[in-house]
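Whatever order the structure lists ligands and atoms in, that order sets their numbers, starting from 1. Keep in mind that the numbers below use all heavy atoms, side chains included, and drop hydrogens, waters and symmetry copies.
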Amino acid sequence: MDNGFIVAIDGPAAAGKGTVSKAVAAHFGFAHLDTGLLYRAVGAKVLAGSEPHKAARSLAPEDLESDSLRTPDVAQAASKVAVIAEVRAALLDFQRSFAARSGGAVLDGRDIGTVICPNADVKLFVTASAEVRAQRRFSELSERGIADSYETVLADVKARDARDMERVEAPLKPAADATIIDTSRLSIDEAVSAAVAAIAMAGGVKA
Ligand code: DC
């Protein structure tokens, strides 16, 4: 198969990888998959009473479209179902097929460079301190009228980090050949420019 260019972007919650991923996909004309949405959709189904592995196997495209996937409860539920090997296995083929599309693809998540696409053309690990990430998530939730305190958001970020990094199956960690982009002191534009530069250097061509 004539695979396109693959960009793997991993990192912890609220580090800016979603924003960076969308921007670089638009810049290079690549398709973008936010793989966290797959785990969020499974988490939402589990909160509604489904068995995790059944929810993962029966995921449909419309399950990824609900606005309710962006709530703190669903984020924690996603992080919990993500430790289950059967859930991860059920979501593997979809992610790999998406990555293999001919026009180029950006996938963002936790294990893209390590497990899903170990042969990606470029791997980025977008991170920031827990405090900076909590502050950003707190501002975003406040703007959406979700009234969690900064301390609650920081505790959630740390709990999710611990669960995502310490799990046995596909833990969150940078691939050995990933370029680390720490966005703690970067503006969005600076973070996007750093990502664009790394991708261009690896041979990505602007659409
Ligand atoms: O990127 P996000 O915050 O939407 O992800 C929600 C949760 O899903 C995250 O805490 C862990 C899990 N996840 C994962 O295990 N592997 C991925 N590739 C993406 C997300």
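Between D34 and R40 there is no salt bridge, since no side-chain N of the basic residue sits under 4.0 Å from a carboxylate O of the acidic one. Under 4.0 Å is where a charged nitrogen must lie from a carboxylate oxygen, and between R136 and E140 no such pair does.
Taking only nitrogen or oxygen atoms, main chain and side chain alike, Q95 does not reach within less than 3.5 Å of ligand 1. Looking at ligand 1, you'll find an N or O of D111 within less than 3.5 Å of one of its N or O atoms. The shortest N or O to N or O distance between D34 and ligand 1 is not under 3.5 Å. Any N or O atom pair closer than 3.5 Å counts here, and T35 shares at least one such pair with ligand 1. For ligand 1, the polar-atom distance check against D164 finds a nitrogen or oxygen pair separated by under 3.5 Å.
Checking side-chain atoms of R167 against main-chain N and O of A170 turns up a donor-acceptor pair under 3.5 Å. One N or O on the side chain of D10 and one on the backbone of I112 form a donor-acceptor pair closer than 3.5 Å. R57 contributes no side-chain N or O that, together with a main-chain N or O of A90, makes up a donor-acceptor pair within less than 3.5 Å. Distance alone, capped at 3.5 Å, places no donor-acceptor pair between the K22 side chain and the H32 backbone. In terms of modelled atom types and a separation under 3.5 Å, the side chain of R160 and the main chain of Q76 share no donor-acceptor contact.
With respect to atom 8 (O) of ligand 1, the closest heavy atom belonging to the protein is Y39 CB, 3.3 Å. When only non-hydrogen protein atoms are considered, atom 9 (C) of ligand 1 lies nearest to R110 NH2, 3.3 Å.
A heavy-atom separation below 4.0 Å is found between R88 and ligand 1.
The ligand atoms of ligand 1 that sit less than 4.0 angstrom from a heavy atom of A82 are 12 (C), 15 (O). Residue-ligand proximity, A78 to ligand 1, at heavy-atom distances under 4.0 Å covers atoms 6 (C), 7 (C), 8 (O).
Neither the backbone nor the side chain of R137 has any atom closer than 4.0 Å to an atom of ligand 1 (non-hydrogen atoms only). Here R160 has side-chain heavy atoms under 4.0 Å from ligand 1, and that is the only part of it that gets that close. Proximity of R163 to ligand 1, defined as any heavy-atom pair under 4.0 Å, is not found for any part of the residue.
Comparing K17, R70, R40 against atom 4 (O) of ligand 1, the shortest heavy-atom distance belongs to R40.
Between R137 and the options I146, V132, L154, V153, a side chain to side chain contact (heavy atoms under 4.5 Å, CB included) holds for only V153.
Within the 4.5 Å cutoff, the side chain of V205 has no heavy atoms near those of the F5 side chain.
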